[in-house]
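Before any comments, here is the structure.
Just follow the structure's listing: the first ligand is 1, and inside any ligand the first atom is 1. Residue numbers count from 1 along this sequence.
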Amino acid sequence: MLLADWDISGKHVLITGASAGIGKATARDLAERGAVLTLAGRSEHKTRQVIEEIAAGGGTARFLQIDLASPSSVMEAAEEFLSLRQPLNVLINNAGVGGTKGITPEGFELAFGTNHLGHHLLTRWLEPLLIESSPARLIVVSSSVHHNVKSIKWRRLQRRTSSPLGNPEYRTSKLANILDARRWAQRFEGTGVDVHIVHPGLVASEIWRDLPLPLRRMFANKGQSIEEGADTSIWAATSPELDGVSGRYYGKRTEKRISDLAADADLADQMWDRTEEWLSDWLPLG
Ligand SMILES: NC(=O)c1ccc[n+]([C@@H]2O[C@H](COP(=O)([O-])OP(=O)(O)OC[C@H]3O[C@@H](n4cnc5c(N)ncnc54)[C@H](OP(=O)(O)O)[C@@H]3O)[C@@H](O)[C@H]2O)c1
């Protein structure tokens, strides 16, 4: 199996949100394949436990402090990573919140601010390094729930989560992930950087921790393990058959259809332009 992989051994991989869940399972697997990992997370304590586990198995991983809900934290994390002067062959934008209500310090709905804005900003900062390190991959962890969004309520993106369980806001953030990833695929065309969008399937992870107990129980019973959930991310990061293919969406290692909204190029432009405007104080110069 290892021989058939896009050779990840010795390649530099940055994963957001590897302290738990799908990100943690992805990190453990890629470390076993010899990738040199940076695990970017908000909880140093939790992430260091994963790093120790990886080191005990002979793998290499370092910690990078990042709070994706805070643009200045994202900018500082990117600057710190760039100061290491090492390549970046795979960026896995995995971290996420769902079903947690709140607002970011800059006034964005929590899931949108974390899942979309934080990752957009991180990718903007790391874009030149990905290109310089090509062949490279950007993996965007989205979700099939983006299919349930009928329209983007723009004003709701700039206020506290208003729905009872935060589900519509979470779905919108996952739609934003796809719109953004498809724009990234266009932007990276001809650079050797491919973009792969993945849906992990329903996973019994920590992401549902703020939902009411009956829902949490249902997700825990019906969800796959974190290792099963990580499978498509790992495949997208390592599979040779995806070389030169970009901007497509996969579940269970198979290309899947995205919603009409997610395929809407005008909406993707609108999302990109608004995102750039909202993040203008933190974007890299040039
Ligand atoms: N679970 C599912 O059924 C499912 C289905 C479809 C898609 N997904 C997607 O899969 C991805 C991973 O989710 P998961 O299920 O593995 O969830 P999880 O177990 O809750 O893990 C989420 C990770 O994101 C990190 N994170 C959250 N907020 C952050 C922030 N502000 N800054 C930096 N890191 C932050 C968490 O850190 P802490 O440990 O500090 O909280 C954790 O490491 C998400 O993008 C999610 O939308 C999940």
Side-chain angles (χ1 to χ4, degrees), residues 14-29 38-51 61 63-78 92-106 108-119 121-122 139-148 166-167 169-178 180-181 197-211 215-216 218-234 236 249-252 256:
L14 191 159
I15 309 177
T16 64
S19 65
I22 297 162
K24 173 170 150 177
T26 305
R28 287 196 296 222
D29 183 288
T38 298
L39 308 187
R42 62 181 169 179
S43 163
E44 178 161 4
H45 175 70
K46 276 175 79 177
T47 310
R48 288 231 178 265
Q49 290 174 2
V50 181
I51 291 174
F63 175 68
L64 181 67
Q65 183 76 56
I66 196 170
D67 179 356
L68 287 155
S70 156
S72 33
S73 167
V74 174
M75 194 176 74
E76 281 162 25
I92 306 185
N93 285 343
N94 163 84
V97 287
T100 304
K101 297 171 72 168
I103 187 158
T104 70
E106 280 70 32
F108 293 96
E109 192 283 318
L110 188 65
F112 183 75
T114 307
N115 304 356
H116 167 63
L117 292 180
H119 281 125
L121 185 60
L122 180 66
I139 312 298
V140 175
V141 182
S142 180
S143 170
S144 66
V145 299
H146 81 274
H147 278 280
N148 300 329
N167 286 334
E169 289 86 351
Y170 174 68
R171 291 175 198 141
T172 300
S173 77
K174 294 286 110 181
L175 170 65
N177 284 155
I178 303 184
D180 208 45
I197 311 159
V198 305
H199 165 55
L202 180 67
V203 178
S205 71
E206 292 181 14
I207 201 165
W208 315 118
R209 63 190 145 203
D210 289 335
L211 291 178
L215 274 179
R216 282 205 317 265
M218 188 183 83
F219 288 146
N221 291 335
K222 286 195 170 172
Q224 317 165 84
S225 68
I226 58 169
E227 287 75 20
E228 288 168 317
D231 181 69
T232 302
S233 293
I234 296 160
Y249 169 70
Y250 304 95
K252 291 196 185 300
K256 302 279 182 197

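For T114, every heavy-atom contact with ligand 1 shorter than 4.0 Å involves the side chain, none the backbone. Both the backbone and the side chain of E206 come within 4.0 Å of ligand 1, counting heavy atoms alone. Within the 4.0 Å heavy-atom criterion, the part of W208 lying near ligand 1 is the side chain and not the backbone. Neither the backbone nor the side chain of K24 comes within contact range of ligand 1; no heavy atom lies under 4.0 Å. Under 4.0 Å from ligand 1, not a single heavy atom of V145 appears.
The ligand atoms of ligand 1 that sit less than 4.0 angstrom from a heavy atom of S142 are 6 (C), 7 (C). Each of the following atoms of ligand 1 lies closer than 4.0 Å to a heavy atom of R209: 41 (O). Using a 4.0 Å cut-off to heavy atoms of A18, the atoms of ligand 1 that qualify are 43 (O). Here is the list of ligand 1 atoms found below 4.0 Å of a heavy atom in S43: 40 (O). Distances below 4.0 Å separate heavy atoms of A95 from the following atoms of ligand 1: 24 (O), 25 (C), 26 (N), 34 (N), 35 (C), 45 (O). Counting the atoms of ligand 1 from 1 in the order shown, those under 4.0 Å from a heavy atom of A69 are 31 (N). The atoms of ligand 1 that sit less than 4.0 Å from any heavy atom of V97 are 27 (C), 28 (N). Heavy-atom proximity to G201, at under 4.0 Å, picks out these atoms of ligand 1: 2 (C), 3 (O), 4 (C), 5 (C), 6 (C).
For the residue pair S173 / H116, no side-chain donor-acceptor distance below 3.5 Å is found, with atom types taken as modelled. Side chains of N94 and T16: no donor on one and acceptor on the other come within 3.5 Å. Side chains of S73 and E76: no donor on one and acceptor on the other come within 3.5 Å.
The protein atom (non-hydrogen) at minimum distance from atom 9 (C) of ligand 1 is V141 CG1, 3.7 Å. Scanning all protein heavy atoms for the shortest distance to atom 43 (O) of ligand 1 gives S19 OG, 2.7 Å. Looking only at heavy atoms of the protein, atom 15 (O) of ligand 1 is closest to S205 OG, 2.5 Å. At the top of the distance list for atom 18 (P) of ligand 1, counting protein heavy atoms only, stands I207 N, 3.7 Å. Protein heavy atom nearest atom 40 (O) of ligand 1, with residue, atom name and distance: R42 NE, 3.0 Å. Taking atom 46 (C) of ligand 1 as the reference point, the nearest protein heavy-atom neighbour is Y170 OH, 3.4 Å. Protein heavy atom closest to atom 16 (O) of ligand 1, with residue, atom name and distance, is I22 N, 2.8 Å. With respect to atom 44 (C) of ligand 1, the closest heavy atom belonging to the protein is N94 O, 3.1 Å.
Note that CG of L39 is 10.0 Å distant from CD1 of I92, once rounded to the nearest 0.5 Å. How far CG of D231 is from OH of Y250: 14.5 Å, rounded to the nearest 0.5 Å. With values rounded to the nearest 0.5 angstrom, D29 atom CG is found 11.5 Å from I226 atom CD1.
Among the candidates L175, T100, L110, N115, the single residue satisfying the side chain to side chain contact (heavy atoms under 4.5 Å, CB included) test with Y170 is N115.
In this structure, the side chains of L211 and F219 come closer than 4.5 Å at one or more pairs of heavy atoms. Side-chain contact between E106 and P71: present, with at least one pair of heavy atoms (C-beta onward) separated by less than 4.5 Å.
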Let me see the working for Q65 and E44 under side-chain contact (heavy atoms from CB on, under 4.5 Å), right down to the final yes or no.
CA-CA 7 Å; Q65 183 76 56; E44 178 161 4; 3.9 Å; yes
Worked check of side-chain contact (heavy atoms from CB on, under 4.5 Å) between V141 and S233
CA-CA 7 Å; V141 182; S233 293; 3.8 Å; yes
Give the intermediate values and the outcome of side-chain contact (heavy atoms from CB on, under 4.5 Å) for residues V74 and L68.
CA-CA 6 Å; V74 174; L68 287 155; 4.2 Å; yes
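Using a distance-only test at 3.5 Å, with no hydrogens or angles considered, a donor-acceptor pair links the side chain of S142 to the main chain of K174.
The pair E206-K46 meets the salt-bridge criterion, with a side-chain N (NZ, NE, NH1 or NH2) lying under 4.0 Å from an Asp/Glu carboxylate O. A salt bridge links R28 with E227; the closest basic N to acidic carboxylate O contact falls under 4.0 Å.
Comparing D210, V198, V203 against atom 2 (C) of ligand 1, the shortest heavy-atom distance belongs to V203.
Annotation: F63 is not in aromatic contact with H45 [ring centroid separation under 6.0 Å not met].
Heavy atoms of Q224 come nearer than 4.0 angstrom to ligand 1 in no pair at all. Contact analysis leaves G98 out of contact with ligand 1, as no non-hydrogen atom separation drops below 4.0 angstrom.
Ligand 1 has a nitrogen or oxygen under 3.5 angstrom from a nitrogen or oxygen of D67. Taking only nitrogen or oxygen atoms, main chain and side chain alike, G23 does not reach within less than 3.5 Å of ligand 1. The shortest N or O to N or O distance between L202 and ligand 1 is not under 3.5 Å. At under 3.5 Å, a nitrogen or oxygen of L68, whether backbone or side chain, sits near a nitrogen or oxygen of ligand 1.
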